[in-house]
There are 2 protein chains.
Amino acid sequence: MSPSLVVGLNAVIVAVTDETPRLLTVERAEHGLGVPGADRPALPFGPLDPAGHRTLELGLRDWVREQTGLELGYAEQLYTFGDRHRDPRERAGGPRVISIAYLALVREGRVSGAGRARWRGFYEFLPWEDGRAGRPALIDDVVAPALARWARQAADAKARRARTERADITFGFRGAAFDAERVLERYELLYEAGLVSEAGRDRRGATRAATEKMGEAMALDHRRLMATALGRLRGKLKYRPVIFELVPPTFTLLRLQRVVEALAGARLHKQNFRRLVEKGGLVEGTGVVEPRGVGRPAELFRFRREVLRERRAPGVGLGRR
Amino acid sequence: MSPSLVVGLNAVIVAVTDETPRLLTVERAEHGLGVPGADRPALPFGPLDPAGHRTLELGLRDWVREQTGLELGYAEQLYTFGDRHRDPRERAGGPRVISIAYLALVREGRVSGAGRARWRGFYEFLPWEDGRAGRPALIDDVVAPALARWARQAADAKARRARTERADITFGFRGAAFDAERVLERYELLYEAGLVSEAGRDRRGATRAATEKMGEAMALDHRRLMATALGRLRGKLKYRPVIFELVPPTFTLLRLQRVVEALAGARLHKQNFRRLVEKGGLVEGTGVVEPRGVGRPAELFRFRREVLRERRAPGVGLGRR
DNA sequence: TCCTTTATGCTCTCTCTGAGCATAATAGGC
DNA sequence: GCCTATTATGCTCAGAGAGAGCATAAAGGA
């Protein structure tokens, strides 16, 4: 008999290369034999071994090493997902699966050699989150009308208003402020409105055509984990110097800025970004300039550890969008 | 045979009454027969029922209702703790216990009728976190020398410097900024240095006399969960209007301020606090004044929901300390 | 009436942030 | 060598927000 309860460990592994935030995915043979969507990209996953894994994080590192060949550096716990039927095989008598998700950051230079794993662009799965070229047309062309329809389908006037307000706040409609950190809230709203294909046949306000524009699906609820990770990362950038976990030891300020922009999904003002990180004590010049490339050569900078003593919440800000 | 793996649900239930942040604790007969510290205050706890609990949060609510009679309102997941030997009974063949901790907030008026549970002051367990009367003497008189001793015990000069830097950053020694949110980091440092009694016989830099001044111990790693909760709550106050989950529907601005101060562990400037919440659109006057009390009567205010549309991250700030 | 206490209004300064202008230093085309 | 495109870097200005403190208002009690 299979155990009635499994504690799984999932890793959302993030790197930024070529100004694109990327996610490490694996093929998931074992995770869905005969289950619809079993061929979709999945996050590295493995069950906690209660006897062998001394801590959750060590267990995660073991699984990631085994499945991707990658030795993780920075990792933090994200969230634990435990709703019933997260894994459809539970309906067929499979164990209840509780998944503890971690966010891990990998430096730019180390994205090769991921074994049978594959780096995929974050925004292939969450295309509405990339606002670097201005507010994504997807939001106003596809999301807004679908959510409006979803709101109209509510039972009464009060529920309609609640749905409209929620859509406004999460996507910044009708003058509401768009908050880049609310990635999970946006995904969950899209899910409830039937706009992402993981929501299944219950399509509600959404047409098939609309759903198909909403990015690629992942296995199980892994797109939800991704959304959780991106939201957390965007939030954390603002008050912890995690950005330096994603770049090489030295970097030009423009490269640093592009990495922040890639994650924030927004463009930043170049001179102000420089002022923020330089005057803010986050970085210090090395005196060395990077020769290659057009234009005036840029100085290479490095992270300035002392900032941890000096400032309470050293981070970079995400811009407005 | 006992199962080899249990997923537990723990609740850190917080209320503020009489300007004191409080925690709901229970007696833990079942949780430590013959184990040292079994009589210590504990958090409400119950194992997840894989068949009965549809979501983790619903399972938590069930357990809290059963153990304390309380119907939870606001609740959010905090963190999942899964280190081996969190529960000492694991050493004696007990199951590996993974605990998913939640933070729940209870409104001031609802703290009665907690069944066999008991409200305890937060700072009875974490006395160094209350800086409302100025920097706690405990930090400079007890913590600082003990951590200095702990730093000196490090293997080499490099490790010594690392320990010193860590102590400086977490407690704001030697000119470093004190960050009220780093509650967990402080607790963990105290634990590693053997300054809290949960650390067991391995006392390292700490004398028994010092340890006894460091607040009351809790069962298992529950003080760690408390620290996680307080840190999260302090952080969240700054960018989400969670404070209104802790106060009645109407309140004077001074009462609101006292609740923030109680949680922040710091005093705030009265006029600036008023400006922050009033001009910031977080509250609106009701036109009604509260009669009782000395001094000029104060107007009653209420939370202004519209702020959620208008501002990206509406919160209150914690002051400097 | 005066004093104590709490509420409320307002100002001043400093810092941070958004925005934009201006100049510097390269490479490549001519 | 000169011109242009391109990127780097320095600087200023305006407005928002935060920290601090002064001043006035409205109660109750001596």
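Every chain is numbered from 1 and lettered A, B, ... according to where its sequence line falls, protein lines coming before strand lines.
Rounded to whole Å, the distance from CZ on A/Arg275 to P on C/dT17 is 8 Å. Whole-Å rounding puts the B/Leu282 CG to D/dA18 C1' distance at 15 Å. Distance NE2 (B/His269) to P (D/dA20): 7 Å, rounded to an integer number of Å. Separating the CD atom of A/Glu278 from the C1' atom of D/dA8 is a distance of 11 Å, rounded to the nearest angstrom. Rounded to a whole Å, the CG atom of A/Leu268 is 15 Å from the P atom of C/dG20. Spacing between atom CG of A/Leu300 and atom P of D/dA8 amounts to 11 Å, rounded to whole angstrom units. Between the NZ atom of A/Lys279 and the P atom of C/dG18 there is a distance of 16 Å, given to the nearest Å. For the pair A/Asn272 CG and C/dC21 C1', the interatomic distance rounds to 13 Å; values are reported in whole Å.
Between A/Leu308 and B/Ile169, the shortest heavy-atom contact is CB-CD1, 3.7 Å. Taking all atoms of both residues into account, the shortest heavy-atom contact from B/Asp179 to B/Arg186 is O-NH1, 2.9 Å.
The distance from atom CG of B/Leu246 to atom OH of B/Tyr74, rounded to the nearest 0.5 Å, is 10.0 Å. Separation of atoms CG (A/Leu103) and CZ (A/Arg232) is listed at 7.5 Å; rounding is to 0.5 Å. In this structure, CG on A/Leu138 lies 8.0 Å from NZ on A/Lys213, to the nearest 0.5 angstrom.
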Does the protein touch nucleotides 1-8 of chain C at the base, only the backbone, or not at all? Give it as B, S and - per nucleotide, heavy atoms under 4.0 Å. ----BBBB
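Side-chain contact between A/Glu129 and A/Met226 is absent, with no heavy atoms from C-beta onward closer than 4.5 Å.
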